[in-house]
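Presented below is the structure to which this report refers.
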Amino acid sequence: MSIIIDREKCTGCELCIASCPFEAIVIKEGKATVNENCQACMTCLNVCPEGAISEIEEKGPAGRDITGYKGVWVFAEQRGGKVAPVSFELLGAGRRLADDLETDLSAVLFGADNPEAKELVRWGADKVYLSDDQIFGSFNDEPYSALLASLVEAHRPEIVIAGATPIGRSFFPRVAAKLKTGLTADCTSLCIDKETRNLLQIRPAFGGNIMATILSPNTRPQMATVRPRVMKRGKYDANKTGEIIAVTAEGLSSHTKVLGMIKEEGDMTCNLQEADIIVSGGRGLGDPKGFKLIAELAELLGGTVGSSRACVDEGWIPYRHQVGQTGKTVCPKIYIACGISGAVQHLVGMQSSDIIIAINKNPDAPIFNVATCGIVGDLYEIIPLLIKKIKESREHVVTGSP
Ligand code: FAD
């Protein structure tokens with residue numbers, strides 16, 4: 001879709017200019033004109049009193065044949081030869097999409113061995129395209145994107161998804177560009193429009209204030225990335241069998257060479273995406289020292305410390321602890337939000353947690369709308385009480401006293 005302005009009807013009143021969040025409408029020769037900033041968000045559609053603004057359907061790229069594409073593919077990322085957890089989550093989502101389309105689910109695995117490919121089958125894949133070539137030992141954009149693009153061209157899947165990880169974010173756009181197709185990054189939900197077989201790619205937009213559904217109706221394959229811990233894993237079937245197809249990496253080369261990998265130094269206790277329990281602090285802590293209390297509770301529970309962006313922006317805690325739209329997406333068994341209001345940008349990063357416990361002194365704080373259990377009160381009174389109770393209950397377990 002795109003926007004068109006009828007110059008005959010336009011009176012140059014400028015009302016539409018203020019409605020556009022992208023400064024995409026300008027007055028030229030007394031008439032409103034749409035410039036290249038237009039994102040086709042349709043916000044301006046109803047503001048013109050003369051009805052001069054309308055939407056038009058764009059024709060698909062000339063000569064693009066989108067028929068004959070079949071199957072759902074998941075790019076299965078590996079690290080050190082082991083399939084990364086995000087790949088199993090994507091297989092859960094991919095299985096659902098493939099079942100809705102009544103088609104096969106395939107995984108593509110580079111740089112790992114046959115046992116790892118079999119694991120992908122047990123997590124839901126019907127087929128695995130596997131290359132164990134040495135060139136994939138360390139991640140490198142060029143061979144990754146070249147081989148995935150050529151496999152897609154050869155087998156024509158209708159959907160290809162990958163993790164929105166540093167690897168996925170780096171090479172997957174190159175694949176989309178090679179294939180001249182669309183790519184939606186950081187989807188929070190994926191489903192099928194059964195009438196058109198289009199993939200509905202849902203993700204937050206406009207700073208997280210709306211959820212946008214994005215389509216690629218004119219090109220195939222439809223490509224999307226999903227962050228780790230956003231999708232749930234599917235069923236594991238130890239007896240499931242599938243086809244493993246060896247893929248040759250012959251002729252692949254790269255202009256760059258990975259000389260070595262250096263592990264980031266720092267707080268290794270902050271593995272938010274793998275944590276089962278996260279205790280997060282927000283601006284309600286009032287002071288960076290408040291994170292000592294958060295860390296004490298987290299440690300007692302065997303959990304990890306998270307944070308809202310407000311505290312990261314204040315410099316109270318490093319960015320790697322940030323949960324939310326511009327931080328990490330997490331899905332622990334228990335998420336304890338302390339002094340966090342529950343802005344939508346924070347919620348999109350944690351609302352899939354199994355149990356959410358919120359501590360906030362404002363009973364109307366939006367965090368309580370997603371909380372499984374809410375405690376209204378001052379965190380500096382409640383957290384020490386919680387710590388005391390947990391310690392006491394453990395002493396009872398140890399001493400056996402009631
Ligand atoms: P506040 O909104 O200031 O809330 C503090 C809360 O603490 C209040 O509810 C208050 O009642 C409570 N409180 C105060 N004192 C106490 C006390 N003693 N005991 C108990 N409760 C108390 N935010 C993120 O978190 N993650 C993101 O990734 C993120 N990305 C963003 C991206 C964009 C494009 C934009 C525009 C914003 C983003 N934000 C993000 C910011 C977000 O909009 C909020 O500003 C932020 O989440 C607020 O953090 P907060 O809840 O800690 O602070």
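Just follow the structure's listing: the first ligand is 1, and inside any ligand the first atom is 1. Predicted model, so just to flag it, every value in this text is computed and none were measured.
- With 3.5 Å as the limit, one finds a donor-acceptor pair spanning the side chains of R227 and T329.
- Interface atoms of ligand 1 facing G324, defined by a heavy-atom separation under 4.0 Å, are 26 (N), 27 (C), 28 (O).
- Atom 13 (N) of ligand 1 has its nearest heavy-atom neighbour, among A337, G284, G290, in G284.
- Taking distance alone, with nitrogen or oxygen atoms compared against 3.5 Å, Y380 stays at or beyond that limit from ligand 1.
- Shown in contact with G282 at under 4.0 Å from a heavy atom are these atoms of ligand 1, numbered in order with element: 52 (O).
- Not a single heavy atom of I382 sits closer than 4.0 Å to an atom of ligand 1.
- Of all atoms in ligand 1, listed by their number and element, those nearer than 4.0 Å to a heavy atom of Q322 are 26 (N), 27 (C), 28 (O), 29 (C).
- For the 3.5 Å distance criterion, the side chains of R309 and T326 qualify, holding a donor opposite an acceptor.
- Looking at ligand 1, you'll find an N or O of L379 within less than 3.5 Å of one of its N or O atoms.
- Close approach of ligand 1 to V323 is summarised as follows: ligand atoms under 4.0 Å from at least one heavy atom of the residue are 24 (C), 25 (O), 26 (N), 27 (C), 28 (O).
- When the options E381, Q345, R283 are ranked by their closest heavy atom to atom 36 (C) of ligand 1, first place goes to Q345.
- For ligand 1, the atoms lying closer than 4.0 Å to a non-hydrogen atom of A343 are 42 (C), 43 (O), 44 (C), 47 (O).
- In this structure, CG in L183 is found 12.0 Å from CD1 in I161, a value given to the nearest 0.5 Å.
- Ion pair K70/D104 not flagged as a salt bridge, since none of the NZ, NE, NH1 or NH2 atoms sits closer than 4.0 Å to an Asp/Glu carboxylate oxygen.
- Classified by interplanar angle (parallel below 30°, tilted 30° to 60°, perpendicular above 60°), the ring pair W316/F291 is perpendicular.
- The ligand atoms of ligand 1 that sit less than 4.0 angstrom from a heavy atom of G327 are 28 (O).
- With salt bridges taken as basic N to acidic carboxylate O contacts below 4.0 Å, one links E392 and K388.
- Rounded to the nearest 0.5 Å, atoms CZ (R174) and CG (L179) are 13.5 Å apart.
- By the neighbour-count criterion of 12 heavy atoms within 6.0 Å, atom CD of E299 is sparsely surrounded, having that number or fewer from other residues, nucleotides or ligands.
- Listed by number with element, the atoms of ligand 1 under 4.0 angstrom from any heavy atom of G377 are 19 (N), 20 (C).
- Just one of E77, E119, E116 meets the salt bridge (charged side-chain N to carboxylate O under 4.0 Å, His left out) condition when paired with K82; it is E116.
- Geometrically, ligand 1 and S307 share no nitrogen or oxygen pair separated by less than 3.5 Å.
- Heavy-atom contacts of Q325 reach the following atoms of ligand 1: 27 (C), 28 (O) (cutoff under 4.0 Å).
- Using bins of under 30°, 30° to 60° and over 60° for the plane-to-plane angle, the ring pair F110/F136 lands in the parallel bin.
- Taking each of S341, A358, C338, S280 in turn, the one with a heavy atom nearest to atom 1 (P) of ligand 1 proves to be S341.
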